[in-house]
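Here is the structure we will look at.
Keep in mind that what you see is a predicted model, and the values were worked out from it rather than measured. Reckoned from all heavy atoms, side chains included, excluding hydrogens, waters and symmetry mates.
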Amino acid sequence: MDAADVIWTRAGQDRVPVALVLGSGLSALGEAVEGEAISYLDLPGFPEAGVSGHAPTLTVGTLEGVRVAVMGGRAHYYEQGDAAVMRPAIATLRAIGVETLLLTNAAGSFRPEVGPGELMLIADHINFAGTNPLIGEATDARFVNMVDAYDPGLRAELKAAADAEQVPLAEGVYAWYSGPSFETPAEIRALRALGADAVGMSTVPEVILARFFGMRVAAISTITNMAAGLGSETISHEHTKAMAPVGAAKLERVLRRFLATRSRTA
Ligand code: HPA
């Protein structure tokens, strides 16, 4: 059985139009879904372990009246050096019907007015990691157009949802840094000069893969810290995990409103 078969067997065959990928410290939203929680260990091709060591779950069920699949954790390029590590999972989401992929992450901000606890809708990205998840793909489909990769229509829906919830939602450019070490202050100055507004170690490969598979994509960063050299706090993974839930509560409201609006207009 492939991963899609496992999902169909355990969670039913109804098409799943929307999927969410939850970033560091944001996994609570998975628990809000009424449905079947399937360990990644039972899903061939899904990443083996999360950042904190436990195999996360894919929850397939209903949230705000919309059938969703929620990935409770992702794998990162820095874990094994494989930029395509999320490809089987994203291919599986496509196979079960996902047309809209919403990605979330934790990120460091370059903008003082978008500080820890704030949300940033990603408008575009800079791939600063020097690799690409489609390296090795042999078909011409590898030449993916990345203009409007972050779907303008979805961004408008998310902004409307944030407005309705009175949650401030900044918008900016996300730079993908390979990690796992954090950036140097000089790298942050360079990225800022290049036009980035925030930096993180994920999401970009998934956006490229999702566009490759023909999905519409949007992504929201939860700002956990000012990027290296721009703030007074010491940047650490503990700090990221401690700060992510601050923004996560707002993120959950925005995502719930987004889904509820969809279920009413569908
Ligand atoms: N840099 C990279 N990744 C991050 C950061 C950061 O400052 N904060 C949260 N994830």
Side-chain angles (χ1 to χ4, degrees), residues 20-29 50-52 71 73-79 83 86 101-129 149-150 154-155 158-159 162 167-208 210 217-252 254-255:
L20 261 94
V21 177
L22 303 179
S24 305
L26 306 174
S27 55
L29 201 55
V51 176
S52 299
M71 289 188 69
R74 59 155 59 82
H76 303 80
Y77 169 59
Y78 61 70
E79 290 169 46
M86 289 286 282
L101 182 64
L102 302 177
L103 302 163
T104 65
N105 62 38
S109 175
F110 299 4
R111 290 185 6 212
E113 78 280 12
V114 187
E118 298 296 321
L119 302 181
M120 187 187 91
L121 180 64
I122 301 181
D124 202 346
H125 75 226
I126 296 173
N127 179 350
F128 200 62
Y150 298 82
L154 289 178
R155 278 155 54 199
L158 286 163
K159 276 190 259 184
V167 169
L169 183 60
E171 194 167 14
V173 173
Y174 174 90
W176 177 30
Y177 184 80
S178 77
S181 62
F182 284 103
E183 305 76 29
T184 65
E187 286 165 340
I188 294 301
R189 285 193 297 275
L191 283 169
R192 189 149 71 157
L194 291 175
D197 298 289
V199 63
M201 303 177 192
S202 69
T203 305
V204 166
E206 292 132 66
V207 170
I208 295 169
V217 192
I220 297 183
S221 293
T222 302
I223 302 301
T224 53
N225 57 279
M226 294 308 294
L230 300 179
S232 50
E233 79 254 279
T234 303
I235 299 169
S236 69
H237 188 54
E238 282 62 43
H239 184 266
T240 297
K241 284 192 291 188
M243 283 306 295
V246 178
K250 289 189 279 187
L251 182 59
E252 176 167 343
V254 173
L255 294 174

Donor-acceptor pair, side chain of [X] and main chain of [Y], under 3.5 angstrom:
X	Y	result
S27	G23	no
E252	A249	no
R155	L121	no

At their closest point, which heavy atom of [X] faces which heavy atom of [Y], and how far apart are they?
X	Y	answer
P116	M243	CB-CE, 3.6 Å
S109	I223	CB-CG2, 3.5 Å
A106	T240	CB-CG2, 3.7 Å
Y174	A107	CE1-CB, 4.0 Å
R111	A170	NH2-CB, 3.9 Å
W176	A83	CH2-CB, 4.4 Å

Between [atom1] on residue [X] and [atom2] on residue [Y], distance to nearest 0.5 Å:
X	Y	atom1	atom2	result
R192	R189	CZ	CZ	9.0 Å
Y78	M201	OH	CE	6.5 Å
L20	M71	CG	CE	11.0 Å
T184	Y177	OG1	OH	6.0 Å
T104	R74	OG1	CZ	6.0 Å

Ion pair K159/E171, N-O distance below 4.0 Å: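 Salt bridge flag = yes for E171 with K159.
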Given side chains that start at C-beta, do those of [X] and [Y] come closer than 4.5 Å, heavy atoms only?
X	Y	result
P168	E118	yes
V114	D197	no
N225	E233	yes
V199	F128	no

Full working for side chain to side chain contact (heavy atoms under 4.5 Å, CB included) between L158 and L102: CA-CA 10 Å; L158 286 163; L102 302 177; 4.3 Å; yes
All pairs passing ring-ring contact (aromatic ring centres under 6.0 Å, His included) where residues 180-199 contributes a residue, at least two apart: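 Sorted pair list comes back empty.
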Check against side chain to side chain contact (heavy atoms under 4.5 Å, CB included), H125 and I208: CA-CA 10 Å; H125 75 226; I208 295 169; 4.3 Å; yes
Candidates T203, T222, T224 - the one meeting side-chain hydrogen bond (donor to acceptor under 3.5 Å, both in side chains) with N105: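 Checked T203, T222, T224 against N105; only one passes side-chain hydrogen bond (donor to acceptor under 3.5 Å, both in side chains): T203.
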